[in-house]
Amino acid sequence: MERRTIGAATLDVGAIGLGCMPMSWAYTGSRQRGEESLRAVHAALDRGSTLLDTADMYGPFTNELLVGRVLKERRSEAFVSTKVGLLVGEQHIVANGRPGYVRRACDASLRRLQTDVIDLYQLHRADPEVPVEETWGAMADLVSAGKVRSLGLCAMGARSARRAGARLHDGTIRQLERVQQVFPVSAVEAELSVWSTEALDALLPWCAARGVGFLAAMPLGNGFLTGTLTPGEGFEPDDLRARHPRFTAEMMASNQPIVVGLRRIARRHGLLGNPVTPAQVALAWVLAQGRHVVPVPGAKRERWVTENAGAAGLRLTAEDLVEVAALPGARGSWD
């Protein structure tokens, strides 16, 4: 697989990563099976998808434990990204950016991941009660201690936080400007896909101008861009899509032209006998947004991991990119 570098630290990873969250968090719980997920992680490493993206809150904790079972055998082949800063309660999630907590959380993640160093340690969310510089300083101390190799920041990006006239990622850029004064940012993780392009406006250029890697979260639109979801089929109550404004039956039906467009491009590229899927076109589009961009599609089955990795070899033409740009914008129940 093609290799890409993340940040000034020139951290080397496969061009397509693996988001491990669906294996134990946020998606349909009845379809989460540990052994199947372990095979998926192994398949990712076999195919060059070396960046494994997890977080202590996924589960909570169980996702890191699962990834740790693979790292125990194959640590030298993997680039490990995990996150800190969010605590999961019974019915709520709260931020904790206190330096003492950050240090304890890192040690706990290292134990669960069965490794002595985390390649990329990301701040999941800033704590509104703690200056972000203090939290970032504690994370920088972990680099000095040899427990972490580089630091990253997850975009704030909540749609409900939009203000009139403000771009979606203005708040994240302000945070980045602050923490960059304390210790270099190696990567930013934010949503970027064919149907969520807001990062192209300012956040992606900010990263490109400073040599900061960009990890594209949800590059398959929470599964919608794969073309495998049926409008009206519904989701289990524990699935985040059951409450997502783009996943009502009406909106899924309304957004089908996006998938139709991706499928049309896929058919053109698959004419030589190698089938191409809408998901691979969606991932190839993300890859085309810059050499500093690494899509991190979530998956929990070997089949999907293999398909996603195959997108690294797909090169979209200029005409393809124009066609994607002309697709209708995604609609949600807020529109």
Side-chain angles (χ1 to χ4, degrees), residues 18-34 36-37 40 53-64 66 83 85-95 124-125 154-162 168 189-199 216-260 262-263 277-279 282-283 295-301 303-305 307-308 328-335:
L18 173 61
C20 299
M21 181 183 74
M23 300 175 184
S24 51
W25 178 259
Y27 290 87
T28 308
S30 66
R31 299 179 187 173
Q32 293 168 353
R33 300 177 179 89
E36 186 175 49
S37 294
D53 188 58
T54 182
D56 57 3
M57 73 164 286
Y58 300 158
F61 311 129
T62 54
N63 202 247
E64 286 187 331
L66 187 150
K83 308 175 189 74
L86 290 178
L87 294 171
V88 180
E90 284 293 328
Q91 298 293 330
H92 62 280
I93 298 173
V94 297
H124 218 155
R125 290 292 184 275
C154 292
M156 297 161 60
R159 297 181 184 278
S160 60
R162 285 181 173 175
L168 179 63
E189 184 163 348
E191 182 175 3
L192 176 62
S193 71
V194 167
W195 81 342
S196 291
T197 61
E198 293 91 344
M218 293 171 278
L220 297 177
N222 301 105
F224 183 83
L225 301 177
T226 66
T228 61
L229 300 179
T230 303
E233 187 176 28
F235 300 96
E236 294 184 8
D238 62 339
D239 193 310
L240 63 84
R241 292 169 294 188
R243 300 173 298 280
H244 195 297
R246 286 184 180 171
F247 284 91
T248 64
E250 178 186 4
M251 289 301 102
M252 288 182 69
S254 176
N255 287 320
Q256 284 302 307
I258 301 173
V259 175
V260 170
L262 296 176
R263 188 171 281 122
T277 67
L283 291 173
V296 188
K300 56 181 179 287
R301 296 183 182 178
R303 171 187 174 185
W304 305 128
V305 167
E307 178 179 318
N308 293 342
R331 298 181 63 223
S333 56
W334 60 69
D335 296 322

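Of all heavy-atom pairs between W195 and G221, the closest is NE1-CA, 3.1 Å. Across every non-hydrogen atom of L86 and A95, the tightest pair is CD2-CA, 3.9 Å. Nearest heavy-atom pair across Q256 and M252 is NE2-O, 3.2 Å. The two atoms that bring L192 and A199 nearest to each other are CD1-CB, 4.3 Å, heavy atoms only. Residue P237 comes nearest to A242 through the heavy atom pair O-CB, 4.5 Å, listed as atom of the first residue, atom of the second, then distance. Taking each heavy atom of E191 and S196 in turn, the nearest pair found is OE2-OG, 2.9 Å.
Applying the side chain to side chain donor-acceptor pair (under 3.5 Å) test to E189 and every residue at least two apart in sequence or in another chain returns Q122. Every residue meeting the side chain to side chain donor-acceptor pair (under 3.5 Å) condition with N63, not counting sequence neighbours, appears here in chain and number order: S24, T54.
For the side chain to side chain contact (heavy atoms under 4.5 Å, CB included) test with T228, the passing option among T230, T226, L225 is T226; the others fail.
Of the inter-residue distances, the one linking H92 atom NE2 with L87 atom CG reads 8.5 Å to the nearest 0.5 angstrom. Atom CZ in R301 sits 9.5 Å away from atom OG in S37 (nearest 0.5 Å). Between F61 atom CZ and L66 atom CG the span is 15.5 Å, to the nearest 0.5 Å. How far CE of M21 is from CG of D53: 9.5 Å, rounded to the nearest 0.5 Å. Residue N255 holds its CG atom at 7.0 Å from CZ of R246, rounded to the nearest 0.5 Å. Distance NE2/H244 to CZ/F235: 10.0 Å, rounded to 0.5 Å.
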Exercise. Stepwise, does the side chain to side chain contact (heavy atoms under 4.5 Å, CB included) test hold for M23 with Y58?
Worked result: CA-CA 9 Å; M23 300 175 184; Y58 300 158; over 6 Å; no

For this session: Go through the steps for L229 and F247 under the test side chain to side chain contact (heavy atoms under 4.5 Å, CB included), then give the verdict.
Result: CA-CA 10 Å; L229 300 179; F247 284 91; 3.8 Å; yes

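Side chain of R125 to main chain of A155: a donor-acceptor pair is present (N/O by atom type, distance under 3.5 Å, no hydrogens or angles). Judged purely by atom type and a 3.5 angstrom limit, R331 has no side-chain atom pairing as donor or acceptor with the backbone of S254.
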